[in-house]
Number of protein chains: 2
Amino acid sequence: MRWNKISDAVVRRLPIYLRVLDDLAKSGESPLISSQELGERAGVGSALVRKDLAWFGEFGKQGVGYEVEYLRSELRQILNLDREHNVILVGVGSLGAALARYAMRRYQVDESFRLKLAGLFDQDPDKVGRTYAGIPVYPMAELNDFIRKHNVRMAIITVPADAAQETAVQLVNSGVSAILNFAPVKLILPEHVQVANADLTLELQRLAYYLPPEKTRE
Amino acid sequence: MRWNKISDAVVRRLPIYLRVLDDLAKSGESPLISSQELGERAGVGSALVRKDLAWFGEFGKQGVGYEVEYLRSELRQILNLDREHNVILVGVGSLGAALARYAMRRYQVDESFRLKLAGLFDQDPDKVGRTYAGIPVYPMAELNDFIRKHNVRMAIITVPADAAQETAVQLVNSGVSAILNFAPVKLILPEHVQVANADLTLELQRLAYYLPPEKTRE
DNA sequence: TAGATTGTTAATCGATTAACAATC
DNA sequence: TAGATTGTTAATCGATTAACAATC
């Protein structure tokens with residue numbers, strides 16, 4: 001089954017639904033959920049919930065709702081989260097190191113989190129050979145081989161802005177097709193590569209727009 | 001001047017335009033830029049660039065384009081980036097500490113970055129009193145006073161998921177109106193509070209959707 | 001069966017793009 | 001003046017919401 005042409009707006013909501021279902025499964029409140037309830041918890045209208053899910057199949061029962069466990073497992077499959085993926089991180093600065101710890105803990109604690117940080121890469125010889133959260137740092141020269149050997153399709157970029165584009169191209173050339181980019185740079189890459197930007201500066205600057213005018217100190 | 005009702009889609013692009021102009025100013029390529037060129041560099045259509053800017057005034061000259069320096073300064077004003085803002089960060093785990101270093105370095109290196117990390121907060125007594133990148137960690141009990149005293153309107157949340165909602169409410173009650181939230185939780189807050197979610201798990205799960213089917217090892 | 005809720009179609013809303021007169 | 005590019009209006013596109021027949 002291939003569902004081409006699902007809009008990104010839809011795909012972005014699927015992990016949100018999944019999270020609601022995970023919470024529900026953990027708390028064991030009810031084995032069933034209506035689009036109404038699911039929408040409320042996800043912050044989305046009920047009609048939109050039904051429409052989003054309907055793109056992928058008929059998961060509910062009229063008059064009843066959706067089975068939490070069933071829908072959960074379907075969503076995991078749709079999101080490819082039913083199998084493990086090796087992920088690498090490039091750029092082991094303080095942010096990179098923090099994310100490595102974060103991802104690793106998550107992987108160990110939550111068995112449904114199937115994204116495995118398999119290796120870290122850095123250009124600095126002083127960092128190569130060290131480990132963070134048990135994950136070794138490799139030199140950039142080994143990037144290509146590592147990606148191919150471990151079938152890495154997903155990568156996190158935490159290198160400085162001026163190295164980001166070059167790093168991304170290397171990753172893509174080696175076979176990576178999904179990138180979570182923390183560098184404040186718009187990456188220019190082939191169409192088939194998916195990029196998620198975690199551009200904190202942009203977010204902070206956007207927030208600043210909404211700040212109220214300076215209150216003069218009384 | 002108050003421009004109510006500007007859509008968030010528009011506001012999100014302003015910092016992108018600003019970044020392009022900053023780069024241009026630094027490289028000194030040209031004192032003028034057309035909506036065409038600006039759009040290309042920002043990854044946006046030229047008509048949209050003109051429409052976005054037109055919400056706030058007439059910044060260009062027909063037949064000529066936009067003056068880089070002038071438009072830059074206007075955008076900074078619109079985004080409230082022409083004055084300094086005190087920001088606090090709550091939750092000094094490894095991610096929080098990394099972000100603190102990141103923000104502080106940025107503040108020191110780039111004089112046009114006017115967001116100043118004024119304090120860190122943590123519930124753990126062992127962390128209180130320490131400093132990160134020169135910024136002291138305060139106990140949660142001092143949160144309220146600190147926010148009022150330093151006129152803090154913006155905060156970064158890096159506490160664990162189960163503490164995020166509570167933390168956010170405290171911040172808002174003390175006067176914070178813009179939050180960058182790293183906890184994997186949908187915060188429920190009054191309308192007037194702006195929240196930017198940096199939910200890495202959601203981003204990674206979304207990226208997983210686009211991964212190609214597992215290639216069987218040859 | 002009666003009540004509830006899905007899946008889906010039609011209506012609405014909002015954002016982007018195309019086009020062009022105004023004008024530098 | 002001739003050429004270029006803005007600011008803006010109208011057309012298009014896409015996403016969300018409303019409504020309801022189908023059906024559990």
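Throughout, protein chains are lettered first and strands after them, A, B, ... in sequence-line order, and every chain is numbered starting at 1.
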Checklist entry - Given D/dT6, is OP1 or OP2 found less than 4.0 Å from the side-chain N or O atoms of B/Ser35? => result yes

Checklist entry - Just how far, in rounded Å, is P of D/dA4 from CD of B/Glu37? => result 16 Å

Next on the checklist: Is A/Ser34 close enough to C/dT5 that one of its side-chain N or O atoms is under 4.0 Å from OP1 or OP2 there?
Outcome noted: no

Next on the checklist: By nearest heavy atom, map A/Asp8 and B/Leu53 onto DNA chain D; which one lands nearer the 5' end?
Outcome noted: B/Leu53

Checklist entry - What's the spacing between A/Tyr70 OH and A/Glu74 CD if we round to 0.5 Å? => result 4.0 Å

Checklist entry - Among the nucleotides C/dT6, C/dA10, D/dT6, which one has an atom lying closest to any side-chain atom of B/Gln62? => result D/dT6

Next on the checklist: If you only use heavy atoms from C-beta on, which nucleotide in D/dC24, C/dT6, C/dT8 is closest to the side chain of A/Ala54?
Outcome noted: C/dT8

Item to check | Nearest-angstrom distance from the residue atom OH of B/Tyr70 to P of D/dT6 | outcome: 15 Å

Item to check | Among D/dC24, D/dT16, C/dG7, the one nearest A/Arg50 by side-chain distance | outcome: C/dG7

Checklist entry - Taking atom C1' of C/dT8 as reference, at what distance in whole Å does atom NZ of A/Lys51 sit? => result 8 Å

Next on the checklist: Under a 4.0 Å threshold between the charged nitrogen and the carboxylate oxygen, would B/Asp22 count as salt-bridged to B/Arg72?
Outcome noted: yes

Item to check | Below 4.0 Å: OP1/OP2 of D/dA15 and any side-chain N or O of A/Arg13 | outcome: no

Next on the checklist: Using the side-chain heavy atoms of A/Ala9, tell me which of these nucleotides is nearest: D/dA15, D/dT23, C/dA15.
Outcome noted: D/dA15

Next on the checklist: Which nucleotide wins on minimum distance to the side chain of A/Ala47, given the candidates C/dT6, C/dG7, D/dT17?
Outcome noted: D/dT17

Checklist entry - Would you call B/Arg12 and B/Asp8 a salt bridge, taking side-chain N to carboxylate O under 4.0 Å as the test? => result yes

Next on the checklist: Nearest whole Å is fine: how far is C/dT6 P from A/Leu38 CG?
Outcome noted: 9 Å

Checklist entry - How long is the line joining CG of A/Leu48 and P of C/dG7, in whole Å? => result 14 Å

Item to check | Residues in side-chain contact (heavy atoms from CB on, under 4.5 Å) contact with B/Arg105, at least two apart in sequence or another chain | outcome: B/Val109

Checklist outcome for this item: When both distances are under 3.5 Å in a Watson-Crick or G-U wobble arrangement, the nucleotide paired with C/dA15 is D/dT12

Checklist entry - Does the side chain of B/Tyr66 get closer than 4.0 angstrom to OP1 or OP2 of C/dC24 through an N or O atom? => result no

Next on the checklist: Students often get this wrong, so: under 4.0 angstrom with heavy atoms, is A/Ser46 touching a base, only sugar-phosphate, or nothing?
Outcome noted: nothing

Checklist entry - Can you tell me how far C1' of C/dT5 sits from CD1 of A/Ile33, to the nearest Å? => result 13 Å

Item to check | Whole-Å gap separating C1' (C/dT23) and CD (B/Glu58) | outcome: 11 Å

Next on the checklist: Listing request: all salt bridge (Lys or Arg N to Asp or Glu O under 4.0 Å) pairs with a residue in residues 35-49 of chain A, at least two apart in sequence or in separate chains.
Outcome noted: A/Glu29-A/Arg41, A/Glu37-A/Arg41

Checklist entry - NZ of B/Lys5 versus P of C/dA15: gap in Å, rounded? => result 13 Å

Item to check | Identified pairing partner of C/dC20, criterion: Watson-Crick or G-U wobble below 3.5 Å | outcome: D/dG7

Checklist entry - Just wondering, more than 12 heavy atoms not from A/Gln123 lying within 6.0 Å of its CD? => result no

